[in-house]
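This report refers to the structure that appears directly beneath it.
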Amino acid sequence: MARKAKARTERAQGVSSSRTITSAEIIATGVVNLVKNTLVTTLSGVRDVGSEVGEAAAAAVRGSIRAAEQIGGDLGSVAKQAVKGTVHAMEAIGGDLGPVVHAVSKGAVKAANDVGGDVAVVARKAVEGTIEAARETGADVGSLATGAAKGAIEAADRIGSAAGRTVRAALSGTIGGTRVIIQEALQRSRPVPPRVPRQRKKRKIAPTAR
C-alpha cells in the first residue's frame, strides 16, 4: 500500500512540473484550448490522486499568466480564459470541480502578484471565468463561484492586508450576473483574544483571638 501511494504521489508531482506553457503557445492556440488540452493530456489516469489534480491545474493557470506577462498580454483576460479551460478540462476527464476552482483562482492571484499584476482584476476575472464555464458545462454556478472567490481571497490575504481588502472589495456584490455569497470569507475572521488566567483572590484570614 505504501509503495502504491508513493508511486501515485510521484506521478502527480510530475504532472505539475513537466509541462511549461509558453507565450508562443498562447498566441498560436488560445488560452482556453491550451490549458484544457494540457490538463486533459497530463491528468488523464491520475484522477485518484486527490488534491494533486488541483495543484496541476493551478500550475497550468500560473504558467499561462506568467507567459502572458512576457508578451504584455491582458493578465485579467488570460486568468479568465485559463480558469475556463480548467473547468472544461475537468468536465472532460471527471473529478470534483470545487477544490479545483478554489486552487486555480488562488494560483491565479498569486501568479499575478509575482509578475506585478493587478491582483484585484485577476481575482474578479478568475471568478467570472468560473461562472461562465460553470454555465457552459451545467455545473453548480453559485457553489463554484463561491469556491473560486474564497481561493482568490486566501491568496490575497497571504500577500498582505492591503491586497486582501482590495480583492474582497472587487469580489463583493454581483459578478457576471451571479451573486457571489461569500460573506464568511469577505469578513476577515477576528483573532480570538488570548485567555487571561484568572487571578485568585487572596482569602482574608481573620486574626486569631489571643
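The shown structure was predicted, so the numbers you read here are calculated from the model rather than taken from an experiment.
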Give me the atom names and distance for the closest heavy-atom approach of [X] to [Y].
X	Y	result
Thr86	Val35	OG1-CG1, 3.6 Å
Ala79	Ala108	CB-CB, 4.4 Å
Val100	Ala57	CG1-CB, 3.9 Å
Ala112	Val122	CB-CG2, 3.6 Å
Val167	Ala123	CG1-CB, 3.8 Å
Leu144	Val101	O-CG2, 3.8 Å

Using 0.5 Å steps for rounding, measure from the [atom1] atom of [X] to the [atom2] atom of [Y].
X	Y	atom1	atom2	result
Lys125	Ile65	NZ	CD1	13.0 Å
Lys106	Glu154	NZ	CD	4.5 Å
Asp140	Leu97	CG	CG	10.0 Å
Ile131	Lys80	CD1	NZ	9.5 Å
Asp157	Arg168	CG	CZ	4.0 Å
Glu128	Ser77	CD	OG	10.0 Å

Are Ile159 and Val121 linked, directly or through other ILVMFWY residues, by side chains that come within less than 4.5 angstrom of each other?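 Shared cluster, no.
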
Does Val127 reach the side chain of Lys150, with side-chain heavy atoms less than 4.5 Å apart?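 Contact flag for Val127/Lys150 side chains = no.
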
Between Arg158 and Lys110, is any pair of side-chain heavy atoms under 4.5 Å apart?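 A side-chain contact under 4.5 Å is absent here.
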
Salt bridge or not for Asp118 and Arg124, using N-O below 4.0 Å?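 So Asp118 does not pair with Arg124 through a salt bridge.
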
